[in-house]
Amino acid sequence: MNPMGGMRGGMATWGMMRSFGRDGSVKQQKLPPGLLRRIVDFARPYKVMLAVFLALIIVDAVVTAASPLIYRAIIDNGIMKRNPSLIVKLALLVGFLALVDVGLSLWQRWISARVGEGLIFDMRTRVFAHFQKMPVAFFTRTQTGALVSRLNNDVLDAQRAFTDTFSSVISNFISVAIMLAAMLVLSWEITLVALVLLPLFIVPARFVGKRIQSITRESYNLNAKMTNTMTERFNVAGAMLVKLFGHREQEIQGFEAKAGRVRDIGITQAMYTRIFMTSLLLVASLATALVYGWGGVLAARGTLLVGTVVALTQYLTRLYAPLTALSNVQVDIMTALVSFDRVFEVLDLVPMIDEKPNAVDVPRGPASVDFVHVDFRYPTAEEVSLASLESVAVLDQTPTSQVLFDVSFHAEPGELVALVGPSGAGKTTMSHLVSRLYDVTGGAVLINGVDLRDATVNSIQQVIGVVTQDVHLFHETLRSNLLYAKPDATDQELMEALRAAQILPLIESLPDGLDTEVGERGYRLSGGEKQRVAIARLLLKAPDVVVLDEATAHLDSESEVAVQVALKTALSGRTSIVIAHRLSTVRDADQILVMSEGRIVERGRHEMLLAQGGLYAELYTTQFAPQAGYEGDS
């Protein structure tokens with residue numbers, strides 16, 4: 001027997017088992033028109049390699065199918081006719097074909113890997129780049145795990161369409177066609193009877209396949225839940241919550257329950273796999289017994305040659321696996337197409353915040369900021385997301401409530417504008433509009449007279465600098481986090497920014513200095529230290545407009561003073577929009593905008609607004625006045 005044929009048959013059997021384990025309901029899914037054309041276009045850069053790959057599959061199938069005929073010739077024309085020279089020549093031919101088979105197999109694998117990995121790179125980078133274009137609203141709605149799955153699982157499944165599915169379907173089809181033709185020529189009677197046994201395997205195989213589908217789907221769901229549990233419990237905030245509430249035992253028991261079910265599924269899956277493999281082996285053995293029995297009788301009677309019986313047996317051992325796999329080819333192809341559709345579904349999601357073809361740069365330098373009759377509502381799920389990324393059947397289409405109503409103000413270059421108001425008044429929304437994290441639904445936001453919707457995204461990002469209340473630092477070094485603002489900054493520039501942010505002495509005291517890892521979300525630093533690192537990052541960026549959401553968390557007196565000094569440096573000479581929580585900020589503001597229920601209800605300077613005795617005076621009494629003594633002491 002050809003050893004390569006045996007190994008290839010084993011691989012085909014495992015591939016066939018995976019095929020029957022796929023979800024048959026995929027055949028009911030409706031695919032968008034033009035999907036095949038898009039797949040072909042995506043694979044166009046690899047068309048030459050795919051053509052070579054196809055040719056290799058055909059040649060390999062022919063070479064593999066030739067071996068049983070050579071065995072037949074060795075027996076009938078060599079051994080039976082006592083022709084040693086012919087036996088040696090044919091044996092050498094078998095060895096040569098085995099070497100050719102190995103070479104073809106390696107060549108196929110190389111092309112398959114090149115095309116497959118190339119497609120993974122192309123799709124993964126395009127999906128990642130597309131995610132980068134999506135607005136903040138997209139990330140507030142979608143599940144992080146679903147996004148990661150699109151980058152990993154769906155991309156890999158789509159890639160397999162060009163390697164595993166493409167090669168197996170074509171190879172199986174060609175191999176079956178050649179082997180059936182050869183068997184029918186050798187003995188059509190034995191061939192037809194042997195094929196009658198095929199349903200004895202396909203029927204139980206489909207039953208086992210459905211069971212594997214069910215438990216595999218459950219296993220995926222449980223693994224996803226365990227991954228989600230680990231992700232939430234292993235980050236700093238999750239671990240602290242578990243410890244603070246003392247639920248360690250409950251957490252362990254819940255995880256053990258899921259892991260135990262996955263273990264049980266693994267055992268069941270192993271048994272179904274063994275049943276699947278032994279069923280195929282049993283049917284192949286019965287068919288082989290049939291051929292040897294019937295064919296042997298015919299050979300003993302002289303109506304069939306011994307070599308023909310051996311050749312038929314060899315073909316049968318190689319026929320059942322690809323023939324059975326072809327019976328499930330529709331599921332294989334649809335699974336591959338659905339995977340591509342899921343990738344294209346993401347790429348077709350149009351970003352709400354996009355750059356116009358004729359967009360202009362926002363001029364650098366002292367910047368004015370204008371809100372002109374701005375109305376705003378947050379986008380609905382249907383406008384920014386996909387149902388499959390939110391684990392729902394249909395996206396919510398209910399219109400969201402309007403949160404800003406006819407908001408207008410003008411900030412001169414260098415002015416400090418303080419936004420104050422009760423929670424939910426629209427202050428954070430206004431700060432998001434300045435940096436174009438969202439687009440207005442009515443009116444306009446202008447920087448230096450340029451409507452942000454008409455500006456290039458890159459110029460907006462250069463002009464606007466933002467320090468959020470909840471500072472985010474990547475789990476990298478301090479240097480990497482600072483260079484995120486200015487990748488080409490020198491160490492001297494980094495030190496100057498840290499000095500201006502009042503945190504250089506702390507950094508210099510660390511053993512690794514700028515190369516200190518800050519931990520997940522910067523948890524190795526205190527709140528005040530993270531604030532000052534964020535300010536240093538802002539200073540490196542050197543924007544013309546600063547958007548600042550002051551931290552509401554009470555800092556110790558030393559950190560409070562340091563942050564205040566750092567902020568004065570950061571805001572100096574720059575147009576600033578600040579969501580104010582500190583008395584010093586509202587006192588220094590050139591204008592204060594008092595927000596309530598999405599409207600500006602008061603505007604002016606600190607003393608004037610206090611004298612009016614309106615909402616600002618009320619907020620001052622409850623929010624700012626208690627800080628007077630504290631700031632005086634500091």
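Model, not experiment: these values are computed from the prediction.
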Shortest non-hydrogen pair, A311 vs P68, comes out as CB-O, 3.5 Å
On a heavy-atom basis, which atom in M134 and which in V350 lie closest, and how many Å separate them? CE-O, 4.5 Å
Is it true that a side-chain atom of [X] and a backbone atom of [Y] form a donor plus acceptor pair closer than 3.5 Å?
X: S480; Y: E476; answer: no
X: Y315; Y: V310; answer: no
X: N481; Y: F474; answer: yes
X: S105; Y: D101; answer: no
X: H130; Y: V346; answer: yes

Who are the side chain to side chain donor-acceptor pair (under 3.5 Å) partners of R109, not counting sequence neighbours?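 If we apply the side chain to side chain donor-acceptor pair (under 3.5 Å) test to R109, skipping adjacent residues, the hits are S112.
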Pair S285-T288, side-chain donor/acceptor within less than 3.5 Å: no
Residues D348 and R38 bridged, charged N to O under 4.0 Å: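 Salt bridge: yes.
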Is D122 salt-bridged to R126, going by a charged N under 4.0 Å from an acidic O?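 Not counted as a salt bridge, because no side-chain N and carboxylate O are separated by less than 4.0 Å.
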Residue list, salt bridge (charged side-chain N to carboxylate O under 4.0 Å, His left out) with R479, at least two apart or on another chain: D491, D515
For E517, enumerate each residue passing the salt bridge (charged side-chain N to carboxylate O under 4.0 Å, His left out) test, keeping only those at least two apart in sequence or located in another chain. none
Greater than 12 external heavy atoms within 6.0 Å of W294's CH2: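 Above 12, so yes.
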Near F96 CZ, under 6.0 Å, is it more than 12 heavy atoms from other residues, nucleotides or ligands?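 No, the 6.0 Å shell around CZ holds no more than 12 heavy atoms from other groups.
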In sequence, state the C-alpha distance, the side-chain angles, and the governing distance for R537 and L473, and then conclude on side-chain contact (heavy atoms from CB on, under 4.5 Å). CA-CA 10 Å; R537 190 163 56 184; L473 298 178; 3.7 Å; yes
F138 vs L349 side-chain heavy atoms within contact, under 4.5 Å: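 Yes. Closest side-chain heavy atoms under 4.5 Å.
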Would a 4.5 Å heavy-atom cut-off, applied to side chains only, mark V136 and H432 as touching? no
